[in-house]
Structure formats: structure tokens, C-alpha cells
2 protein chains.
Amino acid sequence: MRISTKGGYGIRAMYELAMAHGQGPVPLKVVAEKQALSEHYLEQLMGTLRKAGLVKGVRGAKGGYQLALPPEKISVGDVIRALEGPIAPVSCVDLDAEAGCERHATCPTRGLWERLRDSMIQVLDSTTLADLCREAPQNAAPKDSGKGLCRYQGV
Amino acid sequence: MRISTKGGYGIRAMYELAMAHGQGPVPLKVVAEKQALSEHYLEQLMGTLRKAGLVKGVRGAKGGYQLALPPEKISVGDVIRALEGPIAPVSCVDLDAEAGCERHATCPTRGLWERLRDSMIQVLDSTTLADLCREAPQNAAPKDSGKGLCRYQGV
DNA sequence: CTAATTCCGACCAACTTACTAGGAATTACA
DNA sequence: TGTAATTCCTAGTAAGTTGGTCGGAATTAG
């Protein structure tokens, strides 16, 4: 029952973009450095997020990525879904696909998985990037906390 | 965010054992047939569940497996934990290991993962095998429903 | 023109998943 | 005592996923 690092890295990267929201594009080099992850790998994840319409890329020098929507309009669930697919503990309770397994009428565990799915979705969809910014510990970025890194506090 | 089939198969097998609880051991052949899964693969899963103290194996002819505890004492979470490891969306909020990553004091996403973990645990630990038996649709076993297959209704 | 950057596709090693194969140990029962 | 049924154990394995790396093309600010 783990999310992969894809989702984890994605959230961390999106958090950085949310923190810098409204200040122009942030190059991946900076994001990768701050969050200590592979720049090249991040590149792939951002490609996926861009196709999902969650971020915009700005090419060229002084380019980078920025959120396509304000932080309070992007939920953690949106990011996870883009990077890891639908939020469902088993495929047969996937809300998006609504595959509906053949034995669903007689399945004794369906209710369980539905409850689990709903509780996961509730948490993930009710937390936005803006919430993460607010929740971030004061010492989230000790290096330049003097410069007021925790800028984004919900508009 | 999927559980593997290990967990899914395990739950389905445990449900069968719960249904037959108090009626002597059930051979895997029967379980595998009813739930339509590979007997040999199930064997491995049952080995894990046995080591976790959730089932008892009875060797030899007329042998099989039975629950080591009454169905209302075994939660879905117990089964999942035995087969898939600790219930935690990311390793750093693993309650059992309490690994505690080095940057946990400054991590802006820790709260999120803790909330997700707790909501998952709440659902999984509050549902027992007895609950699954109760929840099972009436037509859960059309073949011999006349014989009253849904025997186990909580003691 | 040059440096910085996104964008894109290919490749790869390690790991996990969902099995299968084969056989030893144990037991009920004829 | 023999045989069939069953658990128990160890190994192997094909396919997929993960978490990257590598190299280069396209774009843009200065």
C-alpha cells in the first residue's frame, strides 16, 4: 500500500512551485536542488504533469515551470492521479474506468474496497497545494528563511 | 495506490475460511476453486498467513487450513499487513518501523501522509472477517445457497 | 551567438509480481 | 501397510514497474 516515489517526488516538486507561485517560472535545477532529487528524472514527471494541465513549461533561458492554476485549485489527488493513475485500492472500484468486474454482484469484498477508496480520495482531494504551503513547518527552508521563503500562504 | 493481488487474494481466501469457521479445516483446493485462483500460489500466501499466526494448517488427508482466531478477531488490516507489510503510503510514516527520515522536521508533506495513513488504517482495522461475512450479498454463492453457505453471521 | 532551459525518446539495472515446478513430510483411511 | 490427500518448503521465471541515465533537438533571454 505505498505510493511510488513518482507521486512523492511530484508532490514535493509541486509544493516548490506553489511556494514560488506568482513569481515567474522556476527552473527544474532549482526544484531538484531544494528537494534533493534527480533533475533528469524530475523532467519526466513534469512532462506528465504538463500533459495533465497542472503545470506550464517556459522554454529557454530564464525559463522553467510554473503552476497552471493557483495552489488552492490543485489538490494532492490531482497530482497523484496524473502521476500514478486512478486512486483505487483495486482496479474494480476504479471510479474513472468503472470497469466493473464480472462477479461484482456477488463479491463480498467490494464494499470494503469502496470504503477504502473513498477515505483515501477524501484525504487526497481535500488537501490542496495551498494547504501544504500553510502546513509547512516554519523551518522548512533554513538556508534562506530570512528571505521569507514561505511566501505563499494562500493568496 | 493499489494493493497487490497478494492482499486481494489473501482477503478472499480468509473470507472463505471465515465462512467455514468452526467446521474443521478447508483444503486449499476448495478455496482456490471457489475464489477462482491458483492453488499453488495460494499455498505461498497461506504460508505467510500461518507464520503471522492468522491461520493454522492441518496436514495430511482431510487436512486444510482454518482460522487461528474467530472471524471477529481478525481484521482486514491484519491480513493486509501480513501479506503486504505495514500500511503506510510512504515509508517515513510507517508506524511499525518508525524509521523517521532525517528531514522529517522540515517536511511539508508529512502531515498529509500521516492523515492518509490514518484514514486507511481506520477503514482496514475496523473491518473484520466477520463483517465481510455479514456484508456478503445473499447470492454470494449461488451454487449451493440452498445449503445455507452464508453460515457465519458473527458467532 | 551563447548559455540556459524545456522537451523528447531510447535505454537500463534492479526489483516486484504472480506465478509454475518439484518434491518432502504428514496424516486419514482402506 | 499402502495410498491418496494434503501441507510445507525451495527454486526458478516471465513480464512488468521503478527509478533512474544518456544524448540530443527546440526554444529563448540577453
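Below, chain A is the first sequence line, B the second, and so on; all start at residue 1. Bear in mind that the values here come from a model prediction, so they are computed numbers and not experimental data.
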Colleague: Within residues 53-61 of chain B, which residues have any heavy atom lying less than 4.0 Å from an atom of DNA chain D?
Modeller: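 When residues 53-61 of chain B is checked for heavy atoms under 4.0 Å from DNA chain D, the hits, listed by number, are B/G57, B/V58, B/R59, B/G60, B/A61.
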Colleague: Assess, by modelled atom type and distance only, whether the side chains of B/Q122 and A/S119 contain a donor and an acceptor separated by less than 3.5 Å.
Modeller: no
Colleague: Distance check needed: D/dT7 P versus B/K51 NZ, whole Å only.
Modeller: 15 Å
Colleague: OP1 or OP2 of D/dC9 versus the side-chain N and O atoms of B/R50: is any pair under 4.0 Å?
Modeller: yes
Colleague: I'd like the 5' and 3' limits of the part of DNA chain C contacted by chain A, with heavy-atom contacts below 4.0 Å.
Modeller: C/dA4 to C/dC8
Colleague: Need to verify one output field. Residue with the more 5' nearest nucleotide on DNA chain D, A/K6 or A/K62?
Modeller: A/K6
Colleague: For B/I3 and D/dT17, give me the distance from atom CD1 to atom P, rounded to whole Å.
Modeller: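 These atoms are roughly 17 Å apart.
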Colleague: Between the main-chain N or O of B/P89 and the side-chain N or O of B/R117, is there a donor-acceptor pair closer than 3.5 Å?
Modeller: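 No.
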Colleague: Measuring only between side-chain heavy atoms, which start at C-beta, is A/H21 closer than 4.5 Å to A/Q66?
Modeller: no
Colleague: List the steps and the verdict of side-chain contact (heavy atoms from CB on, under 4.5 Å) for A/T109 and A/W113.
Modeller: CA-CA 7 Å; A/T109 61; A/W113 302 133; 3.3 Å; yes
Colleague: Find the distance B/Y65:OH to D/dA5:C1' and express it as a whole number of Å.
Modeller: 14 Å
Colleague: Hey, is A/R110 close enough to A/E114 for a salt bridge, meaning N to O under 4.0 Å?
Modeller: yes
Colleague: Has the side chain of A/R2 got a donor or acceptor atom that lies under 3.5 Å from a matching backbone atom of B/A88?
Modeller: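 Yes, A/R2 side chain to B/A88 backbone: donor-acceptor pair under 3.5 Å.
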Colleague: So that I can tick it off, tell me whether B/K29 and B/E43 are bridged by a salt bridge, with the cut-off set at under 4.0 angstrom between side-chain N and carboxylate O.
Modeller: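 B/K29 and B/E43: not salt-bridged.
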Colleague: For the pair made of CZ in A/R12 and P in D/dG19, what is the distance, rounded to whole Å?
Modeller: 12 Å
Colleague: Compare every heavy atom of A/D94 with every heavy atom of A/P86, then report the nearest pair and how far apart it is.
Modeller: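 Smallest interatomic distance, heavy atoms only, reads CG-OD2, 3.2 Å.
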Colleague: Say you draw a straight line from CZ of B/R12 to CG of B/L37; how long is it, rounded to the nearest 0.5 Å?
Modeller: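 One finds 5.0 Å between CZ of B/R12 and CG of B/L37.
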Colleague: Hey, is B/R134 close enough to B/E72 for a salt bridge, meaning N to O under 4.0 Å?
Modeller: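 Looking at B/E72 together with B/R134, the answer is no, because their closest N to O distance does not fall below 4.0 Å.
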Colleague: Is there a donor-acceptor pair under 3.5 Å between the side chain of A/S75 and the backbone N or O of A/D78?
Modeller: yes
Colleague: Whole Å only: how far is the CZ atom of A/R2 from the C1' atom of D/dG19?
Modeller: 16 Å
Colleague: For the pair made of CG in B/L17 and C1' in D/dT7, what is the distance, rounded to whole Å?
Modeller: 14 Å
Colleague: Report all interatomic pairs (protein N or O, nucleotide N or O of nucleotides 20-24 of chain D) with separations under 3.5 Å.
Modeller:
| from | atom 1 | to | atom 2 | distance (Å) |
| --- | --- | --- | --- | --- |
| D/dG20 | OP2 | A/Y9 | OH | 2.7 |
| D/dG20 | N7 | A/Q44 | NE2 | 3.4 |
| D/dT21 | OP2 | A/S38 | OG | 2.7 |
| D/dT21 | O4 | A/Q44 | NE2 | 2.8 |
| D/dC22 | N4 | A/H40 | NE2 | 3.3 |
| D/dG23 | O6 | A/H40 | NE2 | 3.2 |

